[in-house]
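A quick write-up on the structure given underneath.
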Amino acid sequence: MSMLIAILFWFLCLSACAYALVLGGWEGRWTTLVVLLAALGTMAVNRWTSAYQYETFWASTNMMVLFIDAATFFAMFVIAGVSDRWWPIWVAAFQLNSVVAHFATMIDPVFSALVYQGYEGLWAIPLLLVMVLGIYRDRMWTARYGLA
C-alpha cells in the first residue's frame with residue numbers, strides 16, 4: 001500500500017511541477033524547484049535514517065525532516081512575500097502545517113508514530129493542488145481581464 005501511495009504522490013508531484021514550470025511564471029518555477037528539492041531531500045533522509053533507526057524513526061520528533069520542512073516553508077514564505085499572486089500564500093500556509101505537525105511530538109512524546117508520519121506528509125497533496133489551481137486561475141484572470 002505504501003508503494004502505491006508513493007507512486008501516486010510522485011505522479012501528482014511531477015505533473016503539478018511540470019505544469020507550474022511551464023505555465024506558472026517565475027513563482028511556478030521557483031516553487032517547483034523548492035518542492036522537488038524538499039521531496040527528494042525528505043525521501044533521502046527517510047531512506048538513510050530508517051535504515052539505521054527503523055523502529056524509532058517516526059516515534060519521536062524527526063529533526064532532519066523538521067529542518068527540511070522549515071527551510072521549505074521559509075523559501076515558500078519568501079516567494080509568497082515577493083509575489084503579487086494569491087496562490088503562493090496558500091502554498092506557504094500548507095507548508096507551515098507540515099512544520100507545525102512536528103511540534104505535536106515535542107509536546108506529547110508518546111504521540112502515535114503512524115499519525116505523526118501521516119499528518120506530516122498530508123499537506124503536500126493540497127499544496128500541489130492549490131499550486132495548479134492557482135496558476136490556472138491566474139492565467140484565466142489574465143486572459144479574461146488583460147491584467148498581469
Side-chain angles (χ1 to χ4, degrees), residues 1-51 57-58 60-108 111-148:
M1 183 67 166
S2 65
M3 181 59 104
L4 179 61
I5 292 171
I7 290 169
L8 290 173
F9 167 77
W10 279 107
F11 176 76
L12 176 62
C13 183
L14 294 176
S15 299
C17 287
Y19 182 81
L21 192 63
V22 173
L23 300 174
W26 71 266
E27 296 98 337
R29 289 188 292 277
W30 279 102
T31 303
T32 294
L33 177 67
V34 171
V35 165
L36 290 177
L37 286 175
L40 291 171
T42 301
M43 186 176 72
V45 165
N46 283 342
R47 289 189 186 274
W48 178 71
T49 308
S50 65
F57 184 57
W58 288 101
S60 62
T61 305
N62 189 330
M63 296 308 282
M64 287 188 279
V65 176
L66 171 59
F67 175 76
I68 291 169
D69 284 344
T72 303
F73 169 69
F74 179 75
M76 291 183 177
F77 181 80
V78 170
I79 292 168
V82 175
S83 176
D84 62 351
R85 306 294 184 187
W86 66 269
W87 65 266
I89 296 169
W90 284 94
V91 168
F94 283 122
Q95 184 59 35
L96 180 60
N97 286 331
S98 288
V99 174
V100 170
H102 293 283
F103 291 101
T105 57
M106 292 179 188
I107 294 169
D108 184 9
F111 197 78
S112 169
L114 187 59
V115 172
Y116 172 41
Q117 183 180 11
Y119 186 70
E120 191 277 328
L122 169 77
W123 300 104
I125 303 302
L127 182 151
L128 294 168
L129 294 174
V130 164
M131 180 174 71
V132 169
L133 180 63
I135 291 168
Y136 173 77
R137 289 186 51 96
D138 282 345
R139 293 181 58 78
M140 292 298 104
W141 184 265
T142 301
R144 177 178 283 167
Y145 298 107
L147 303 173

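Every value quoted in this text rests on a predicted model; they were computed, and no experiment measured them. Side-chain atoms are counted along with the backbone in the values below, which use heavy atoms only and exclude waters and symmetry mates.
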Nearest 0.5 angstrom please: Leu96 CG to Trp90 CH2, how far? 12.5 Å

Sequence neighbours left out, what pairs pass ring-ring contact (aromatic ring centres under 6.0 Å, His included) with at least one residue falling in residues 64-83? Phe73-Phe77

Approximate separation, where rounding is to 0.5 Å, of Met76 CE and Asp69 CG: 9.5 Å

Shortest non-hydrogen pair, Gln95 vs Thr72, comes out as CD-CG2, 3.7 Å

Reported CG-to-SG distance for the pair Leu8 and Cys13, which is rounded to 0.5 angstrom: 12.5 Å

Taking atom CE as the centre, does Met63 end up with more than 12 heavy-atom neighbours from other residues, nucleotides or ligands that are less than 6.0 angstrom away? no

Please report, to 0.1 Å, the donor-acceptor pairs under 3.5 Å made by any side chain of residues 32-39, with sequence neighbours excluded.
from, atom 1, to, atom 2, distance (Å)
Thr32, OG1, Cys17, O, 3.3
Thr32, OG1, Gly28, O, 2.7

Selection residues 3-26 - residue pairs positive for side-chain hydrogen bond (donor to acceptor under 3.5 Å, both in side chains), sequence neighbours left out: none

Can you list the steps and then say if Asp138 with Trp86 is a side chain to side chain contact (heavy atoms under 4.5 Å, CB included)? CA-CA 9 Å; Asp138 282 345; Trp86 66 269; 3.7 Å; yes

When rounded to the nearest 0.5 angstrom, what distance separates OG1 in Thr31 from CG in Leu128? 10.5 Å

Working to the nearest 0.5 angstrom, can you tell me the gap between Arg47 CZ and Thr42 OG1? 12.5 Å

Which of these passes side-chain contact (heavy atoms from CB on, under 4.5 Å) with Glu27: Val82, Val91, Asp84? Asp84

Shortest non-hydrogen pair, Val65 vs His102, comes out as CG1-CE1, 3.7 Å

CD1/Ile135 to CZ/Arg137 distance, rounded to the nearest 0.5 angstrom? 13.5 Å

Residues Trp87, Met131; criterion side chain to side chain contact (heavy atoms under 4.5 Å, CB included); working and verdict: CA-CA 6 Å; Trp87 65 266; Met131 180 174 71; 3.6 Å; yes

